[in-house]
Amino acid sequence: PSFRLLFQQLDVPKADLTVKVTGKQWYWSYAYPDNGKFEFDSLMAQDKQPRLLGVDNEMVVPVNKVIRVQTTGADVIHAFAVPSFGIKIDSIPGRLNETWFKATKTGMYYGQCSELCGKDHAFMPIAVKVVSDQEFAAWLEAAKKKYATNPANTYASAGGQAA
Ligand SMILES: [Cu+2]
């Protein structure tokens with residue numbers, strides 16, 4: 001039975017939403033190709049709780065929906081892992097890997113990079129905020145304005161240095 005489960009978890013059901021997750025030294029970028037293709041960076045926030053897990057911009061998804069996660073690496077290999085969702089998948093440069101989850105409760109869920117990737121490997125957390133459909137729609141509208149209209153506000157295009 002365990003082998004059947006292992007096999008089935010690789011079978012991605014029909015997704016309600018796709019988020020493309022790119023691992024970078026040392027932060028994550030999230031793109032929403034279904035929703036105007038905006039993309040933003042998610043950097044560890046020094047002033048947020050929980051320590052080492054809080055970020056400036058969370059990945060936001062609706063509750064009770066199948067979220068397809070497509071992941072890749074921009075520089076070296078990282079790994080996208082969120083224990084509460086039971087997902088862990090390598091983010092490999094030149095390759096698009098796929099996994100999925102469905103959160104059944106709203107709230108914050110955290111994960112960390114799980115492939116040793118250099119100096120700040122321990123400091124590139126994953127923060128996923130699960131919200132209601134209404135909240136998600138409102139967030140989408142705000143996010144489109146905030147991120148899509150000004151690509152220069154992403155961390156990489158601003159030529160920033162890791163903290
Ligand atoms: Cu990493």
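Remember, it's 1-based here, ligands and their atoms both numbered in the order they're listed. Quick caveat: nothing in here was measured; it's all calculated off a predicted structure.
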Quick one: does Trp26's side chain get under 4.5 Å of Cys117's, heavy atoms only?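 SC-SC contact between Trp26 and Cys117 confirmed.
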
Could you list who else is in Ile77's hydrophobic cluster, with ILVMFWY side chains joined at under 4.5 Å, directly or through other members?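 Taking Ile, Leu, Val, Met, Phe, Trp and Tyr as members, Ile77 shares its hydrophobic cluster with Ile92.
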
Mind checking salt bridge (Lys or Arg N to Asp or Glu O under 4.0 Å) for Glu135 and listing every partner two or more places apart, or none if nothing turns up?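 If we apply the salt bridge (Lys or Arg N to Asp or Glu O under 4.0 Å) test to Glu135, skipping adjacent residues, there are no hits.
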
Given Thr71, Thr72, Val69, the one that forms side-chain contact (heavy atoms from CB on, under 4.5 Å) with Lys20: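 The side-chain contact (heavy atoms from CB on, under 4.5 Å) with Lys20 is passed solely by Thr72 among Thr71, Thr72, Val69.
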
What protein N/O/S atoms lie closer than 2.8 Å to the Cu ion (ligand 1)?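 You should have found His78 ND1, Cys113 SG, Cys117 SG, Met124 SD.
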
Between Asp90 (side chain only) and Ala79 (backbone N and O only), is there a donor and an acceptor less than 3.5 Å apart?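 Side chain of Asp90 to backbone of Ala79, a donor-acceptor pair under 3.5 Å: no, none is there.
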
Side chains of residues 57-65: which donor-acceptor pairs under 3.5 Å do they make with residues two or more places apart or in other chains?
from: Asn57; atom 1: OD1; to: Tyr147; atom 2: OH; distance (Å): 3.0
from: Asn57; atom 1: ND2; to: Asp41; atom 2: O; distance (Å): 3.1
from: Lys65; atom 1: NZ; to: Asp133; atom 2: OD1; distance (Å): 3.0
from: Lys65; atom 1: NZ; to: Asp133; atom 2: OD2; distance (Å): 3.1

